[in-house]
Amino acid sequence: MNEFLLVIHRDLKSKDASPSPEQMQAAIKPFQDWIGGIAAQNKLVAPPKRWDGDGRVIKQNTVINGPYAEIKESIGGLLMIRAENYDDAVEIAKGCPVLQWGATVEVRMAVPTV
Amino acid sequence: MQPKELLPHLFRTEYRKIVAVLCRLFGIEHIEIAEDIVSDTFLSATENWSLKGLPDNPTAWLYTVAKNKTKNYLKRDTIFKQKLSPEIKYTTDSTGEIEIDLSTKNIADSQLAMMFTVCNPAISAESQVALALNLLCGFGIQEITDAFLANKEVIYKRINRAKDKLKEAGIQIKQPTLNEIGNRLETVLTTIYLLFSEGYYSISQNITLRHDLCAEAMRLNYQLIENPATNTPAVNALFALMCFHASRFEARTNDNGTMILYEDQDESLWDRNLINKGIYHLNQASTGTVITKYHLEAGIAYWHTIKEDTPEKWENILQLYNNLLIMEYSPIAALNRTFALAKTNGKPAAIAEAEKLNLNNNHFYYSLLGNLYTDVDNQKALQHYQTAMKLATSANDKATMNRNIEQIKQYLNH
């Protein structure tokens, strides 16, 4: 088993951000069921945390308030899971319920320590 | 009550109290001396009471005799007296006699101290449970052997090894400080929960004994509630959990000791008093900001005290199981979560999730698949139940699987 990082990116800042707050509300149960399903396979590395939308972005000489938004999407959620390989991890990531509202999920494998 | 009935009862309730007080006085390294003195006290009671009849206050009689025997022992064995820690000498009165304090308060304090001593990570969890039964609950080796369905020799060795480990580790029996309570309460709760589970889920057919184990776990838990320093939300949550489970004790077995599944239980046999007590303590548990697995499990058990199937009930149970699994994985929680998912999201969704669980050696897994495939694909349901039957070990589980198989065969024939 390898460890994977699932990074959910979504539009937090633009005027008609998607998913909308109503859509996020509707996503609570499917989201909980999705995470519960990963946990039921014993593939959750650590309990996921909720991250606020405040954020700071640090560059060489500046600290900018707010989440990183120069690209349209900021980090909306982070999850660490266990999976055999990328195929397996992608299969799990496809279950993320906010994908249907335009979020993206980035999947990264932790480099195994030798 | 006649001495014949009273003595076993007093042994159960008083042995542990006097042992706890003496152990705290002598230190864990002299635990056998404490146990010998108390055993000797009960031996004197047996002889004396059968000759002269019951004293007016049998408990006070036991305390007085135990005190005298302790004092005599200390007089006789001056070397032992010298070895005792300075702390004890400090508690001696002006006459130079050691004060043996068997007041209600000191008994409660000593028992709490013993609880924190026994539930020490220096010894394995199963040894903690055996030792807790022995020292905190006054169970004899034979009873513990029956409870674990083990070999008497194995239990005897397990208890003695555990005592040796505690001695080697030099664990002091003392009132835990607030800091120690914070660090070690979790271990204490784990042991109490294991003790309860041993009684609740044991495959032993001895219903009375199983009942006693659960009652003892609840009594120990209640001691923690009675002490302000240990009356934490987690302690209340565990107590609530045990109340909800114990409320179904009468309903879950028939006269032959066969298990009756939840769906088939007569809910008029559920103990409403215990359910209400559970609700009270679950409310007490909800005062802090901490959520433990006991909170989640108590929440699940609470929803099970409502027999009627409603979408609200199963949605709540599902989300509690989701959170429980996020906090700590266990195969049984994964299976129960999938069962709840079938109730809320339908059987096809649950089947898809079940097939990812990878619990191929677990007969409960195949039993769940059998349940999920019933009415969806009865042929598959039958196969799964048959696999479950092959993997099941206990007579009760086999009987349940047999009933399921017979039922599915009937569906298939119609």
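The figures here come from the full heavy-atom set of this structure, side chains too, leaving out hydrogens, waters and symmetry mates. All chains are named by letter (A, B, ...) in the order of the sequence lines, taking the proteins before the strands, and each is independently numbered beginning at 1. Because the structure is a prediction, the values reported are computed rather than measured.
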(message) Within residues 347-381 of chain B, which residues come under 4.5 Å of chain A, heavy atom to heavy atom?
(response) B:Glu353, B:Lys356, B:Leu357
(request) Verify the neighbour count for atom CD of B:Glu263: are there more than 12 heavy atoms of other residues, nucleotides or ligands below 6.0 Å? (result) yes
(message) If only side-chain N and O atoms count, and only distance matters, is there a donor-acceptor pair under 3.5 Å linking A:Lys29 with B:Asn345?
(response) yes
(request) Determine which residues belonging to residues 281-319 of chain B lie within contact range of chain A, meaning some heavy atom pair is under 4.5 Å apart, and list them by number or answer 'none'. (result) B:Glu315, B:Leu318, B:Gln319
(request) Tabulate, in ascending numerical order, the residues of residues 325-339 of chain B having at least one heavy atom closer than 4.5 Å to a heavy atom of chain A, or enter 'none'. (result) B:Leu325, B:Ile326, B:Tyr329, B:Ala334, B:Arg337
(message) Sub-4.5 Å heavy-atom contacts with chain B: which residues of residues 36-51 of chain A show up?
(response) A:Gly36, A:Gly37, A:Ala39, A:Ala40, A:Gln41, A:Asn42, A:Leu44, A:Pro47, A:Pro48
(message) Can you confirm whether B:Glu267 is buried at CD, in the sense that more than 12 heavy atoms of other residues, nucleotides or ligands lie under 6.0 Å from that atom?
(response) yes
(message) Please check if the number of heavy atoms outside B:Leu261 that lie under 6.0 Å from its CG is greater than 12.
(response) yes
